[in-house]
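Computed from heavy atoms alone, side chains included, the values below leave out hydrogens, waters and symmetry copies. Chain A is the first sequence line, chain B the second, and so forth, proteins listed ahead of strands; every chain is numbered from 1.
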Amino acid sequence: MKLIKGFRDIFPDSEIDISNSELWNSINILIKQSLDKFNFSEIITPPIEYDSTFKSGIGDDTDIVSKEMYEFILKKDDEFSKNETFCLRPEGTASVVRSYLEHSLGKKKKINKLFYCGPMFRYERSQRGRYRQFHQIGAEILGSKNIYYEIELIGLAIDILRNLQIIDFKLEVNNIGDEDSLKKLGKKVFEFANDNKNKINPEDFKIVEKNPLRFLDKAIHKYEFSDIPSSKEFLNNESNERFDELKELLNKNSIEFKVNEQLIRGIDYYNDTVFEIKSSNLGSQDTILAGGRYDNLVEKFGGPKTDCIGFAAGIERLILLLNNNVKKASKIKIDFYVIYQSDNTKSYAYSVLDKLRKIGFRSEMDHDRKSFIKQLKSASKNNSLYTVVVGEEEKINNFVKIKELSSGDEFTIKFDNLFQEKIIDLVKK
RNA sequence: GUGGGUGUAGCUCAGGGGGAGAGCAUCGGUUUGUGGUUCCGAGGGUCGCGGGUUCAAAUCCCGUCAUCCACCCCA
């Protein structure tokens, strides 16, 4: 029995942050607070899709699709023997667009603001911040090219990071132009590479021949060329205006950013605005969040021309960046720990426990006849805020003794009809 | 896919041819009605797995697997 390589279990009290379920729980809550404020609604799609969704969506010559995708076919070939190839999704956007079209979400509403959250799969050698099963939270706005959606989305990304108390990050933006200018750029890169063929190793040149833009994205930084072709040269007026407007609005909204003209993104569907948020505290896998416009993807999937923008963030990478404040806050605290004296008083104690739970408090007691002191020790070990002492005296007179562990203050409360109000009152203080 | 580091108790690690260890954690006692401290004690290990060398391997050699880090790629 063994866990699959590059995958991980997530469970309580794990010493490893990215395996700690309490941390996962609190990071999810914090991220959803931001998404709520920006009025995004959740879309949940299956982790398995037909491989064509990603082959045409992301591009089949990207590394993600050609090298890293988990593909499989059904073993049984009875009634389902259609030669269908499935895959574990390597990212979220293509699935969202598929679902958006399949359920005509664009017809029900002009603008759809959707978020997704879940596991993604890529077959890669794992290292810090990179795992074969990893989790992404992504936000997509489908249905408009208004520049304010750029601002809203980048604003959301930054709000999420702030809410997680991650402050050490850098936003990079670029505009790579529309399909036409990307084509021109590709042509220029090809010519450029051809002129410098003697300086480029054959393997990299193969990339140029296949997809020059990919070469610009992934290989060109290995060489010390002085005048690398830039997307800037080929932007049409609209893209240029859009980029200027974006920069102006970012400044107006006091969002710090850096223009990175080499920023292309390793996925085919992007156009115009692209952005990335990086952290310097992550080692070599330093991108924590990235996204951009994909105005042609819906059309490519057979739908009407629909302008879209979105981003995805890696949850594991975010967890690696959490500070001690957030980690501490995620630790579970019990409200009440009920302590009983003898088997005689146990059933009375249990009814108190049951009542506390019905009121809504996280409550616990020990059922294994530990000594009084052991129970008390358990209470403090379990981070209990209060203890409830229930013994013979309390049973006879129908009350309970409550002690606040941090201060040592004790209170006596009747276990009657007013118990609920009194105890809620007590906790409020 | 390429290169390097590391695999010994739940965790962090020491040991380096001949008795399986420490600290923390867990459990029990100190203490059968008041905790966090102290002190005492207990449980827990195929020394990653397989093979080789040796009278003898956790230790040396080879292989393999896992994990971490870097390249690459990306969130």
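Each of Arg125(A), Glu124(A), Arg130(A) was evaluated against Gln127(A); a single residue qualifies, Arg130(A), per the side chain to side chain contact (heavy atoms under 4.5 Å, CB included) test.
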- Task: May I have the step-by-step check of salt bridge (Lys or Arg N to Asp or Glu O under 4.0 Å) for Lys55(A) and Glu49(A), ending in yes or no?
- Result: CA-CA 11 Å; Lys55(A) 284 185 173 158; Glu49(A) 297 269 354; over 6 Å; no
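In this structure, Ala379(A) reaches neither bases nor backbone, as no heavy-atom distance under 4.0 Å exists between it and the strands shown. Glu276(A) comes within 4.0 angstrom of no nucleic acid atom, judged by non-hydrogen atoms across all strands. When heavy atoms are screened at a 4.0 angstrom cut-off, Glu316(A) is found touching no nucleic acid atom at all. Backbone-only contact: Lys381(A) has heavy atoms under 4.0 Å from sugar-phosphate atoms and none from a base. Nucleic acid contact for Lys278(A): none, since no nucleic acid atom lies under 4.0 Å from a heavy atom of the residue. Contacts of Gly6(A) with the nucleic acid, taken as non-hydrogen atoms under 4.0 Å apart, involve only primed sugar atoms and P, OP1 or OP2. The residue Glu91(A) sits apart from the nucleic acid: no heavy atom pair falls under 4.0 Å.
Taking the charged nitrogens against the carboxylate oxygens, Glu150(A) and Arg293(A) do have a contact shorter than 4.0 Å, which makes a salt bridge. In this structure, Arg98(A) pairs ionically with Glu102(A), as a charged nitrogen and a carboxylate oxygen lie closer than 4.0 Å. With salt bridges taken as basic N to acidic carboxylate O contacts below 4.0 Å, none links Lys403(A) and Glu410(A). A salt bridge links Lys358(A) to Asp354(A): one of the charged nitrogens lies within less than 4.0 Å of a carboxylate oxygen. A salt bridge links Asp272(A) to Lys145(A): one of the charged nitrogens lies within less than 4.0 Å of a carboxylate oxygen. Under the 4.0 Å criterion applied to side-chain N and carboxylate O atoms, Glu276(A) and Lys170(A) are not assigned as salt-bridge partners.
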If you restrict it to nitrogen or oxygen atoms, what contacts under 3.5 Å exist between nucleotides 10-12 of chain B and the protein, and what is each distance?
none

Listing time: all N or O pairs from protein to nucleotides 35-39 of chain B that are below 3.5 Å?
unit_1: G35(B); atom_1: O2'; unit_2: Ser380(A); atom_2: OG; d: 3.3
unit_1: G35(B); atom_1: N7; unit_2: Lys403(A); atom_2: NZ; d: 3.4
unit_1: G35(B); atom_1: O6; unit_2: Leu405(A); atom_2: O; d: 2.6
unit_1: G35(B); atom_1: N1; unit_2: Leu405(A); atom_2: O; d: 2.6

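Looking at residues 126-137 of chain A, you'll see Ser126(A), Gln127(A), Arg128(A), Gly129(A), Arg130(A), Tyr131(A), Phe134(A), Gln136(A) sit with a heavy atom under 4.0 Å from some atom of RNA chain B.
Protein atom CD of Gln285(A) is 7 Å distant from nucleotide atom P of A70(B), rounded to whole Å.
Sorted pairs that involve residues 148-179 of chain A and meet ring pair (Phe, Tyr, Trp, His ring centres under 6.0 Å), not counting sequence neighbours, are lacking altogether.
Residues Leu289(A) and Lys370(A) each lie close to RNA chain B; by heavy-atom proximity, the contact nearer the 5' end of the strand is made by Lys370(A).
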- Heavy atoms under 4.0 Å is the rule here; annotate nucleotides 40-51 of chain B 5' to 3' with B where the base is hit, S where only the sugar-phosphate is, and - elsewhere. ------------
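Evaluation of atom-type donor-acceptor distances gives a pair under 3.5 Å for the side chain of Glu394(A) against the base of G33(B).
Helical stems in RNA chain B, defined as runs of 3 or more consecutive Watson-Crick or G-U wobble pairs with both donor-acceptor distances under 3.5 Å, are listed by first residue as B:1-7 with B:65-71, B:10-13 with B:21-24, B:26-29 with B:39-42, B:48-52 with B:60-64.
Between Tyr123(A) and Tyr70(A), the ring-plane angle classifies as perpendicular under the 30° and 60° cut-offs.
Contact between the side-chain N/O atoms of Ser284(A) and the OP1/OP2 oxygens of A70(B) is found at a separation under 4.0 Å. An OP1 or OP2 oxygen of U31(B) is reached within less than 4.0 angstrom by no side-chain nitrogen or oxygen of Lys374(A).
The nucleotide whose nearest atom lies closest to any side-chain atom of Lys401(A) is, among G33(B), C73(B), U2(B), G33(B).
Side-chain rings of Tyr50(A) and Phe86(A) approach one another, their centers coming within less than 6.0 Å.
At least one cation-pi condition fails for Arg89(A) and Phe54(A): the charged atom is not both under 6.0 angstrom from the six-membered ring centre and inside a 45 degree cone around its axis.
Comparing the P positions of A66(B) and C72(B) gives an interatomic distance of 24 Å, to the nearest angstrom.
Closest approach of Ile277(A) to Ala157(A), counting heavy atoms only: CD1-CB, 4.1 Å.
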